[in-house]
Amino acid sequence: MNATAYAKVNLALAVFARSADGFHPLRGIFQSVSLSDHIAISYAEHDSVTVSGGETPADESNLGWKAVDAIRRAARISSPIALDITKRIPTGAGLGGGSADAAAVLGVLAEQFGVSGDIVGEIAEAIGSDVPFSLDGGTKMVEGRGERLVDMEPLSDFALAIVVPPFSLSTPAVFAEWDRLDGPVAKAMDNQSLPPSLRGGLPIRNDLFPAAVSLDPRLGEWSDELETLWGASVAMSGSGSALFAFFSSKDEALGAIDDVNFPTRAAEALTPVAIGWEPAT
Ligand code: C5P
């Protein structure tokens, strides 16, 4: 069994004060993009997980493996499984790579084991805040901790140039810094930096950006440098460190990536993708 796990970009991310459960309610536009990990799932003699091409741990803390473990328990199935993950999505970048791996595994094994959509949803939420979105992916308005999803019109009038600087940020640390700074509201991108489909809707801003820059000022320098290089407004995905800007076509985004002549962890021109997952009933 094979699965493709697509990265996500938070086109918008408004953050609200931490709730009693320790998580921050969010409201954002999440978009799956054309950067993916590949996952091979097979029945085997022993449980195993391997990861090639990334810094993701190949043990029980691997989110893809947590998905195997949880869905097997839900289905009361004990067959040993080998999980082989080929990483292309950089880790600690705010691109949801680990969550995408978990969601892709859940999608495949839920069908294989006949687990209902409701149970899969509960498992997804327990594994991580971005996993429920990644199950169905595409373009969604996301609220709550990440579990309330509303389909939006698919977006197709832009490509993104994405640069991942050579350092990563810890998601809990960025949220804690946001609390320490008393919940800053980030500056929204101006309309002329946005594709027509995103003008006049939810403000396109990421409230975690000021907190991430406060934790690691290099991020602000990278953002300024890219804005100068590209002559475009730059935004951050998730809790960083991936930075991106909107371009009107993949060719334009590729041109912007070609201009980046400093060392990065990743520099890619990406387009929006729809995934689509139909839960069993
Ligand atoms: O759910 P996930 O494991 O991705 O969250 C990692 C950490 O990020 C949480 O433990 C929490 O500190 C923080 N977080 C948050 N509010 C969210 C999502 C994550 O405070 N909506």
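All ligand and atom numbering here is 1-based and tracks the order in the structure.
The nearest protein atom to atom 5 (O) of ligand 1, hydrogens excluded, is given as Phe23 CE2, 4.0 Å; this is a heavy-atom distance. Atom 7 (C) of ligand 1 has as its closest protein heavy atom Pro172 CG, 3.9 Å. Among all non-hydrogen protein atoms, the one lying nearest atom 19 (C) of ligand 1 is Phe175 CE1, 3.5 Å.
Checked for salt-bridge contact, Glu221 and Arg218 miss the test: no charged N lies under 4.0 Å from a carboxylate O.
Geometrically, ligand 1 and Ser129 share a nitrogen or oxygen pair separated by less than 3.5 Å.
At a 4.0 Å heavy-atom cut-off, ligand 1 does not touch Asp130 at all.
Near His24, with a cut-off below 4.0 Å to any heavy atom, the atoms of ligand 1 are 15 (C), 16 (N), 17 (C), 20 (O), 21 (N). Every atom of ligand 1 is numbered from 1 in the order shown, and the set under 4.0 Å from a heavy atom of Gly22 is 20 (O). Ligand-side atoms of ligand 1 in range of Gly128: 1 (O), range being under 4.0 angstrom from any heavy atom. In the vicinity of Thr171, heavy-atom distances shorter than 4.0 Å reach the ligand 1 atoms 8 (O).
Rounding to the nearest 0.5 Å places OG1 of Thr271 at 12.0 Å from CG of Leu155. Rounding to the nearest 0.5 angstrom, the gap separating the CG atom in Leu229 from the CH2 atom in Trp222 is 11.0 Å. Going from atom CZ of Arg145 over to atom CG of Asp130 covers 9.5 Å, rounded to the nearest 0.5 Å.
The ring-ring contact (aromatic ring centres under 6.0 Å, His included) search around Trp65 returns none, not counting sequence neighbours.
Under the 30°/60° scheme for interplanar angles, the aromatic rings of Phe113 and Tyr43 are found to be tilted.
Here the rule is side-chain contact (heavy atoms from CB on, under 4.5 Å) with Ser241, and of Leu169, Asp216, Val163 only Leu169 fits it.
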